[in-house]
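The next block holds one structure in the form of structure tokens; read it before the comments.
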Amino acid sequence: MAVVADPVGSGGRLCGLGEDGGTVGGTAVVADLARAVREVEAAAGPRWVWGGTEEVYQGLLDRGGVRVGRCHDVKLVESLLLGQEGRHGRPRSLGAAWARLHGLPEPPDAPEAGGDDQPVLFAADRHHLPPDADPLAALVEVHAAQQRRIGAGDRPDRMRLLCAAESAGALAAVEMGRDGLPWSARAHDELLTGLLGPRPAGGARPARLGELAQRIQDALGRPVNPDSPAQLLPAFARVGVPLASTRSHELRKVEHPAAGLLLRYKELSRIHAAHGWAWREAWVRDGRFRPEYVVGGVVSGRWATRGGGALQIPRPLRAAVVADPGHLLVVADAGQLEPRVLAAMSGDQGLAGAAAGGDLYAAVAQDAFGGDRPRAKIALLAAMYGQTSGEAGQLLAVMRRRFPVALALVEAAARTGEAGGIVRSQLGRTSPAPSADRFVDEAADPADGASPDRRAARSWGRFTRNFVIQASAADWALAMLAALRRELAAIGSAPRLVFFQHDEVVVHTPADLAPAVESAVAAAADEARRLVFGATPVPFPLETHAVERYADAK
DNA sequence: ATTCATGGCGCC
DNA sequence: AAAGGGCGCCATGAAT
């Protein structure tokens, strides 16, 4: 069912779509679009086709519309298809897709900065379609073309699944952004006060930070701003501590008393700056933290957020995430997701065997590293990230010997990237092409391993090496989220997804429904494994904890 | 006064 | 010889 909202007012138009994307029946013009969608959703539960979930679904919910089960987000699908076709970076709005179909100039996605407000808003409502185009006709046309393009790819079944999962994610993102993460101002206050001292008036520096700054100055024997690396480096040098940088990793190796104080200062000042009282006033309303999720905000398919640092909430602060009375948070975390993805994708028998038990790192350690789990973890991370420095290089050699098929997968991806090629995730999300200037000199003297060109090529190789893993993990996570969203809706309207962070979800639910939610989580994890990786023997467990505070889940 | 690059650190 | 992937956000300090 294709749907467009009128640019102003509450009306819109709908029309049915057949299997081939052609229209079925006539166009319905309605004055209350939210109501029409509610009725059709209840009667038929169709896949809603629209130009952009962020705009249309948001508007429907604003006007009292129902939550819908499925959609096809033309903008997100366009982005996936542009990648499939090696045309990354082209504008992806409905209007741009329509213009491409007609050989017309493509409107850019981002409106010109500094332009008049009125045309920009109008353009957004119409998804950048020209004034004389019929939005519903354009939508139907672009959707049909997208269906054909999906079918024209190497693995239409997987791309179809990816498009469905991406679109379902967009529904979940809008819903989560509206529901928000339960955030207790009181618990947050207690935490901050315990760490930083009482809240200072007028945004001044908290007492504890002032004290630490003073003690750092005393230890270094001169006035210095602890927030300024440029001042700290010479100050440390003057007391006989030459530092390459003021990073924590560097400071931890240092004996001088100022180093420990500075480490503590950095830790606390970050909490204060990034998630302190000012943050709460900006981002928490009515007991909910409402970040704005950006689906497809990362090329790998991970989400980003706009504002509030939602995906970087420091672990200690998760004690402020408290379920409502009579409710629980079901926290579900996919442990060791990326190495499991590598095992499943590559089909490496040894690694799959290691993944079969509960602790993949421990099993790899048993197989290849004399039971040394930390080294096994470093070795796996090195394989997936391309680290070669330090002991990682030697561990990698062991990995290559013991898990040749898995290593061949990531190393092939790295070689493709170094040569300027593109790689794909399990479901067919495509890595961007390197910028043109990055590979100007392909034939650069290969003997000159340290040339800027070679360095850039190797860096891009690390990116594509990681892309196949990270993006496939995102494939799984998205499929899981889509399945979970559907399972939760079947339980009822009370359990709500309230947080999603790469490989972890949080559901806020009445306490008596927590067991049902945990079952839904397990079912979703297994469905995602089956859909994304088929018959793999590699399990993808989603560990759940039903807790009152997010911090209690670990 | 505002913008931009950099260093740094939080999360995965 | 090679020096770990992806993000968002903050403060600083220089440039505009």
Side-chain angles (χ1 to χ4, degrees), chain A residues 113 205 209 224-233 243-251 262-263 265-276 278-279 282-283 291-294 296-318 333-338 341-342 377-396 410 413-414 417-418 423 431-432 446-451 454-474 477 499-505 550 554:
Chain A
R205 180 156 73 174
L209 288 179
V224 62
N225 179 352
D227 287 317
S228 169
Q231 292 179 31
L232 286 166
L233 289 178
L243 288 170
S245 75
T246 61
R247 292 180 196 169
S248 308
H249 189 250
E250 240 10 82
L251 291 169
L262 183 54
L263 281 168
Y265 175 89
K266 280 170 175 285
E267 189 185 347
L268 295 181
S269 95
R270 184 180 168 84
I271 287 173
H272 177 240
H275 289 95
W279 171 87
W283 291 104
E292 186 183 350
Y293 293 95
V294 185
V298 182
V299 290
S300 65
R302 282 185 172 183
W303 293 8
T305 55
R306 253 190 302 264
L311 302 183
Q312 299 111 251
I313 301 170
R315 287 185 166 273
L317 287 193
R318 295 180 183 185
D333 181 356
Q336 308 173 335
L337 178 58
E338 295 196 344
V341 164
L342 175 57
K377 185 170 178 179
I378 291 170
L380 268 160
L381 293 178
M384 294 184 295
Y385 293 163
Q387 181 183 12
T388 56
S389 68
E391 65 170 346
Q394 318 214 330
L395 300 179
L396 222 46
V410 288
E418 289 189 25
V423 295
S431 70
D448 183 7
S451 78
R454 288 302 303 154
R455 287 171 57 88
R458 272 197 296 271
S459 166
W460 197 255
R462 285 193 298 277
F463 167 66
T464 51
R465 170 195 290 260
N466 183 251
F467 181 94
V468 293
I469 304 299
Q470 186 183 117
S472 300
F499 196 56
F500 174 56
Q501 184 181 36
H502 311 316
D503 62 357
E504 184 176 6
V505 293
Y550 190 7
K554 281 282 150 86

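Below, chain A is the first sequence line, B the second, and so on; all start at residue 1. All heavy atoms count here, side chains included; hydrogens, waters and symmetry mates do not.
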Contact class for [X] vs. all strands (heavy atom < 4.0 Å): base, sugar-phosphate, or nothing?
X	value
Ser269(A)	nothing
Gly393(A)	nothing
Thr388(A)	sugar-phosphate
Gln470(A)	base
Gly297(A)	nothing
Ile313(A)	sugar-phosphate

Inset, instruction - Decide yes or no, distance alone: a donor-acceptor N/O pair under 3.5 angstrom between the base of dC7(C) and the side-chain of Arg302(A). - result: no
Inset, instruction - Go through the N and O atoms of the side chain of Arg247(A) and the base of dC9(B), and report whether any donor-acceptor pair is under 3.5 Å. - result: no
Nearest-Å distance, [atom1] ([X]) to [atom2] ([N])?
X	N	atom1	atom2	value
Arg458(A)	dA1(C)	CZ	P	13 Å
Trp303(A)	dC12(B)	CH2	P	17 Å
Leu232(A)	dG13(C)	CG	P	10 Å
His249(A)	dA3(C)	NE2	C1'	12 Å
Trp279(A)	dC11(B)	CH2	P	14 Å
Phe500(A)	dC11(B)	CZ	C1'	14 Å
Arg465(A)	dA3(C)	CZ	P	12 Å
Asp333(A)	dC11(B)	CG	C1'	12 Å

Within less than 4.0 Å of OP1 or OP2 of [N], is there a side-chain N or O belonging to [X]?
X	N	answer
Ser248(A)	dG8(B)	no
Arg462(A)	dA2(C)	no
Gln231(A)	dG13(C)	yes
Asn225(A)	dT12(C)	yes
Arg455(A)	dA3(C)	yes
Arg205(A)	dA11(C)	no
Ser389(A)	dG4(C)	yes

Could you list the donor-acceptor pairs under 3.5 angstrom formed by side chains in residues 385-392 of chain A, with sequence neighbours left out?
none

Counting side-chain heavy atoms from C-beta on, which of [options] comes nearest to [X]?
X	options	result
Val298(A)	dA11(C), dG8(C), dC7(C)	dC7(C)
Ala304(A)	dG8(C), dG5(C), dG8(B)	dG8(C)
Gln312(A)	dG5(C), dG10(B), dA11(C)	dG10(B)
Lys266(A)	dG6(C), dG4(C), dG8(B)	dG8(B)
Ser228(A)	dG8(C), dG13(C), dA3(C)	dG13(C)

Legend entry - Over 12 non-hydrogen atoms of neighbours within 6.0 angstrom of NZ in Lys266(A): yes
Inset, instruction - Count the heavy atoms belonging to other residues, nucleotides or ligands that lie under 6.0 Å from CD of Gln394(A), then report whether that count exceeds 12. - result: no
Inset, instruction - Just jot down the salt bridge (charged side-chain N to carboxylate O under 4.0 Å, His left out) partners of Arg465(A), sequence neighbours excluded, or say none. - result: none
Legend entry - Any donor-acceptor N/O pair, Thr464(A) side chain to Gly461(A) backbone, under 3.5 Å: yes
Inset, instruction - Run the numbers on Phe499(A) and Ile313(A) for side-chain contact (heavy atoms from CB on, under 4.5 Å), then give the verdict. - result: CA-CA 11 Å; Phe499(A) 196 56; Ile313(A) 301 170; 4.2 Å; yes
Inset, instruction - Please round to the nearest 0.5 Å and tell me the distance separating atom CG of Leu251(A) and atom OG of Ser245(A). - result: 7.5 Å
Inset, instruction - Using the aromatic ring of Tyr385(A) (for Trp, its six-membered ring), decide whether it stacks on the base of dG5(C) within the limits of 5.5 Å and 30°. - result: yes
